[in-house]
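So that the names make sense, note that chain A is the first sequence line, chain B the second, and so on, each numbered from 1. Computation of the quantities below employed the complete heavy-atom set of this structure, encompassing side-chain atoms and omitting hydrogens, waters and symmetry-equivalent molecules.
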Amino acid sequence: MKPRKADPARFAVTPSEGIALQKELKGLVRKHWDGRPIRHIAATDVHFPARSSARAAVVIVSYPVLEVVETAVHEGPVTYPYIPGLLSFREIPPLLMAWQKLKIAPDLLLCDGQGIAHPRGFGLASHLGLVLGLPSIGCAKSPLFGSFDEPGPLKGGRAPIRDGSNRTIGTVLRTRDGVNPIFVSVGHLIDLRTAVRIVLSCTTRFRIPDPLRAAHRLAGGNL
DNA sequence: GCGACAG
DNA sequence: ATCTTGTCGC
């Protein structure tokens with residue numbers, strides 16, 4: 001067989017293949033922001049109403065106003081189990097189905113999960129950003145990989161997330177006074193500073209950035 | 001071998 | 001993610 005070139009649209013069928021694919025695709029992730037204007041941001045989330053069904057949602061908001069301008073959903077069968085570190089193989093297929101229904105082409109993606117703050121530097125946000133060829137930011141509610149200190153207690157408080165080599169791979173960010181922080185990391189085509197700035201500018205009065213909250217609601221989650 | 005582990 | 005009411009705090 002001819003050796004396959006890295007193809008972001010290819011999906012693993014076994015955990016070991018998924019891991020191999022992540023290691024391969026990691027090399028294509030770009031951690032630099034080109035300064036392009038942001039007019040629309042797409043937030044994504046997937047909900048699992050039953051064990052075998054997935055409901056993916058995409059919400060596009062204007063930026064920086066954060067007005068919802070378009071939404072898309074897709075509900076279908078689950079095709080991959082939840083395995084820590086392999087979340088993208090479970091959530092990307094339904095997300096792409098919803099994505100196809102969009103009319104507006106967003107400038108940036110906000111994903112509910114890690115970007116490069118991942119055991120192999122290739123979390124959901126990196127994978128989806130690479131597949132769609134768009135800048136993306138990982139925004140998770142809990143840590144998956146790396147070590148960090150407790151950030152300051154007030155909104156804007158932050159601390160670096162570091163890998164085993166002491167490299168910064170993300171930011172633990174307090175988005176409101178006194179709430180648990182969120183975990184922000186580069187997905188693709190962006191730098192960490194810009195990612196944190198955008199996440200903060202998308203957060204008005206809740207812990208979770210407004211666009212992600214809207215996507216979470218559309219997908220079927222509570223609050 | 002043991003524990004940790006996005007959603 | 002999901003199972004789920006009241007309750008604590010601003």
Side-chain angles (χ1 to χ4, degrees), chain A residues 11-12 15-16 18-19 21-22 25-26 29 43-59 73-98 109-131 136-148 153-155 161-164 169-188 192 195-196 199 204-209 211-223:
Chain A
F11 281 90
S16 66
I19 288 171
L21 185 54
Q22 291 178 326
L25 298 181
K26 170 189 180 178
V29 169
T44 66
D45 192 22
V46 182
H47 186 72
F48 297 89
R51 205 153 36 149
S52 60
S53 90
R55 181 180 165 92
V58 182
V59 169
V73 297
H74 168 80
E75 188 157 354
V78 165
T79 59
Y80 204 82
Y82 171 66
I83 301 171
L86 297 175
L87 179 65
S88 63
F89 297 104
R90 176 173 170 83
E91 300 201 341
I92 285 184
L95 281 173
L96 290 180
M97 295 299 288
L109 284 165
L110 210 47
C111 305
D112 69 314
Q114 314 289 349
I116 64 170
H118 175 279
R120 289 165 294 280
F122 197 71
L124 169 64
S126 298
H127 200 157
L128 190 56
L130 195 59
V131 166
S136 63
I137 298 171
C139 197
K141 296 179 289 299
S142 62
L144 170 68
F145 180 76
S147 54
F148 53 89
L154 303 182
K155 175 169 183 174
I161 301 172
R162 298 195 182 79
D163 65 13
I169 55 175
T171 298
V172 199
L173 180 66
R174 193 90 61 188
T175 52
R176 288 198 66 192
D177 293 0
V179 301
N180 292 322
I182 62 174
F183 300 76
V184 178
S185 58
V186 166
H188 182 46
L192 186 55
V196 168
V199 166
T204 60
R205 45 187 184 292
F206 302 101
R207 178 169 85 114
I208 303 302
L212 276 176
R213 271 190 114 244
H216 190 267
R217 288 212 42 201
L218 181 61
N222 298 311
L223 294 188

Could you pull out all residues at least two apart from A/Thr79 that satisfy side-chain contact (heavy atoms from CB on, under 4.5 Å)?
-> A/Pro93
Ignoring hydrogens and geometry, is there a side-chain-to-backbone donor-acceptor pair from A/Arg55 to A/His74 under 3.5 Å?
-> no
5' to 3', nucleotides 2-7 of chain B under a 4.0 Å protein heavy-atom cut-off (B base, S sugar-phosphate only, - none) gives ---BBB
Is any side-chain heavy atom of A/Thr44 less than 4.5 Å from a side-chain heavy atom of A/Cys111?
-> yes
Where the side chain of A/Ser185 meets the backbone of A/Ile169, is there a donor-acceptor pair that is under 3.5 Å apart?
-> no
Hey, do the aromatic rings of A/Phe148 and A/Phe183 have their centres closer than 6.0 Å?
-> yes
Taking CG from A/Asn222 and P from C/dC3, how many angstroms apart are they, rounded to a whole number?
-> 8 Å
